[in-house]
Engineer: 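Could you have a look at this structure, given as structure tokens, before my questions?
In what follows, chains carry the letters A, B, and so on, assigned in the order in which the sequence lines appear, proteins first and then strands, with residues in each chain numbered from 1.
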Amino acid sequence: MAEKGQTNVEHLGGVVRLREQHEKVVKDCESRMQHWRKVSGDYEALTDRLQTLPDQLSYDIMVPFGPLAFMPGKLVHTNEITVLLGDNWFAKCSAKQAQKIVDHRMKYVKNELDDLSKTMKNFEARVGFAKDLETISASKGDYVDIREEVGNNDSALTKGKQRIAHKPNSKPKLDVVWDLKEEDEEDEGERGDGGSRKGVMTEEELWARLDELEKLEELQDEQDRLSDNADMNGEDTSSSSSEEEKEAEAAPPVNGLSLKPSWSSISDSKAPLSTDRKKDDEEEEDNCLPTIFFSHTVEPKKVRINTGKNTTLKFSERKEQKEHSKRKKKNGHNNGHCHHELHKITTPADIYRLFVDVKNGEPIPRKSILKSRSRENSVCSDTSESSAADFEERRMIGRSFSHDEHSDTSDGITEEDSPTTVPLQLPSRYELLYFHFSLLQAFSGTVIEKDPMPSAVPHLTISPPALPTILERKQEEVAPDVSPPQQLPKRVSKFKAARLQQK
Amino acid sequence: MAEAIQKKLKAEVEKYAQMQKDVSKSMSARQKLETQLAENNIVKEELDLLNSSNVVYKLIGPVLVKQDVDEAKATVAKRLEYINGEIQRYESVLKEMEKKSEQHREVLTSLQQEFQKAQGLAAGKV
């Protein structure tokens, strides 16, 4: 209160002074107005005089003689009036002209008076206000000034967090770009493809590029299969090269840097077998082994079902690659470079195209993508240990998704493929889902294929998790067809066995 | 220390006072000009009211000198222009002086602060 009192006193002092100043102005205005009023009066008298003066030729008057004396005299030339115009200028004019001048002056005087009166009114109002303020600050009057102490921004804070205005597409793209870049690097590094990609390409460009590379790889695979055993990924002659390429491809396009080394190492041992199997299981259409690349993952891990043995396709955890994953099917490419284009599964036919086992230098459509060979090919032989638990979940997930269309097949598949699928370590369920969705797309219609693959393919869709595993395993294991359901618990062991086998 | 500052302060204050005087001088001159302007305007208008028949005199000292009406009008017009020019000149001068005085004011305030600080220190020491 003391403070308030003090402020009040200060305010009071200031207000008083303000009021005093205002009052001064008002007084000044008042005096001036008085002056002008006097002038105006004088001019009116003059007007009268001027009107009467020319009535007579001359007047008898008492002329002032100095300050103390008068003397009698006559006023002549009554019509001649010397008018002081101002600034030492005089003009001789008749009474009427003088009258005009006087009128003119009167106008001026009146203007001045009006201005002054306005000013005075203004200041009078201010004075009144100052008086009120004075009483308020002195807390004498009825009016009280409402004061609130301002807190420390307590209420001023926004409820939520301060939002930062991000520019559109400023951040999210980075990851994708980076991923793609990695892919590119990988591609080039691994396969030595001619496909020298630019640092960062747009997705579309990348897809296109992938297509090109895929085709190239297919050709190469053909040759490699015939010629080489140990390709980049150490796959089998026929399959290995293709697989390697596939995997290599898979790796670059995806971010799966981590996958690559593991995958490649695994693939080396398993490649030969895996590729074959994969091919058998998977695609009939394409010669190359399609590898399933999850778009979300940069790594080849994606789903190298074909890799079978080593298929340690690990799904990179990137959701950004969703689209990639959607498009990618399991590619049993021996090339291993699943171009995104190739992986794009838009029709059921694509699956067959993608999942093709390469046997004897020819792509043989797989009977079942998910299957046994799939078992062998199950990617996650390595990772099966950890994925055992996950597999269950995935299966459930897979089932939930697939219930609509491929329920029948799914059941069968899951049973069969469970062991294979489980081992696969999927980075996340989301990816599985995406993959699943992507596959569902492909299998929107009925699959009309002679090969058993069609049956397998739907399975594939059903259990996305299984996909990679299956593909991978296919190449790996020869005896995958053994009851998958049993393998659920034993998956780990089986994959290990497969791996051992390959080794 | 405090004394030095004090001296400085005094000097600055004097300068500032001088400046203020100059400013006020200019102000008053300008005001005069303004009144003259108003007056001459009236003269002009009143001269326009007259015709060539009546005689116009100019008061030069104690002598009324006859002037031609037209001449008078021309003279008055010239005077008006002259007054306007003078007013503008004075205005510019006033602005400059205002600026200078502002600067001086700032200097003064800063010096005052220093002085107070020094005084406070001295008081503290003492």
Engineer: Under the salt bridge (charged side-chain N to carboxylate O under 4.0 Å, His left out) rule, what do E102(B) and K99(B) come out as? Steps first, then yes or no, please.
Structural biologist: CA-CA 5 Å; E102(B) 272 288 329; K99(B) 282 185 198 170; over 6 Å; no
Engineer: Applying side-chain contact (heavy atoms from CB on, under 4.5 Å), name anything that partners R49(A), two or more places apart in sequence or on another chain.
Structural biologist: T52(A), L53(A)
Engineer: Would you mind writing out the side-chain donor-acceptor pairs for residues 75-84 of chain B within the sub-3.5 Å range, not counting sequence neighbours?
Structural biologist:
unit_1	atom_1	unit_2	atom_2	d
T75(B)	OG1	E71(B)	O	2.6
R79(B)	NE	D87(A)	OD2	2.9
R79(B)	NH2	Q36(B)	OE1	3.2

Engineer: Counting neighbours of CD on Q56(A) that are heavy atoms of other residues, nucleotides or ligands and sit closer than 6.0 Å, is the number greater than 12?
Structural biologist: yes
Engineer: Of all heavy-atom pairs between A130(A) and V15(A), which one has the smallest distance, and what is that distance?
Structural biologist: O-CG1, 3.0 Å
Engineer: Would you indicate whether K131(A), at its atom NZ, is surrounded by more than 12 heavy atoms from other residues, nucleotides or ligands within a distance under 6.0 Å?
Structural biologist: no
Engineer: Assess whether atom CZ of R89(B) is packed by more than 12 heavy atoms of other residues, nucleotides or ligands within 6.0 Å.
Structural biologist: yes
Engineer: Run R19(A) and E23(A) through salt bridge (charged side-chain N to carboxylate O under 4.0 Å, His left out) and show every step you take.
Structural biologist: CA-CA 6 Å; R19(A) 190 170 57 78; E23(A) 281 175 356; 3.1 Å; yes
Engineer: Sort L64(B) into side chain, backbone, both or neither according to what part of it lies under 4.5 angstrom from a heavy atom of chain A.
Structural biologist: side chain
Engineer: Evaluate the salt bridge (charged side-chain N to carboxylate O under 4.0 Å, His left out) criterion for residues E34(B) and R30(B): first the C-alpha distance (whole Å), next the side-chain angles of each, then the deciding distance (0.1 Å), finally the verdict.
Structural biologist: CA-CA 6 Å; E34(B) 277 197 15; R30(B) 190 169 170 276; 3.3 Å; yes
Engineer: Do S40(A) side-chain atoms and W36(A) backbone N/O form a donor-acceptor pair below 3.5 Å?
Structural biologist: no
Engineer: Could you please state which residues from residues 68-81 of chain A sit under 4.5 angstrom from chain B, measuring non-hydrogen atom to non-hydrogen atom, sorted by number, or 'none'?
Structural biologist: none
Engineer: Using non-hydrogen atoms and a limit below 4.5 Å, what part of residues 94-115 of chain A faces chain B?
Structural biologist: Q97(A), K100(A), I101(A), H104(A), R105(A), Y108(A)
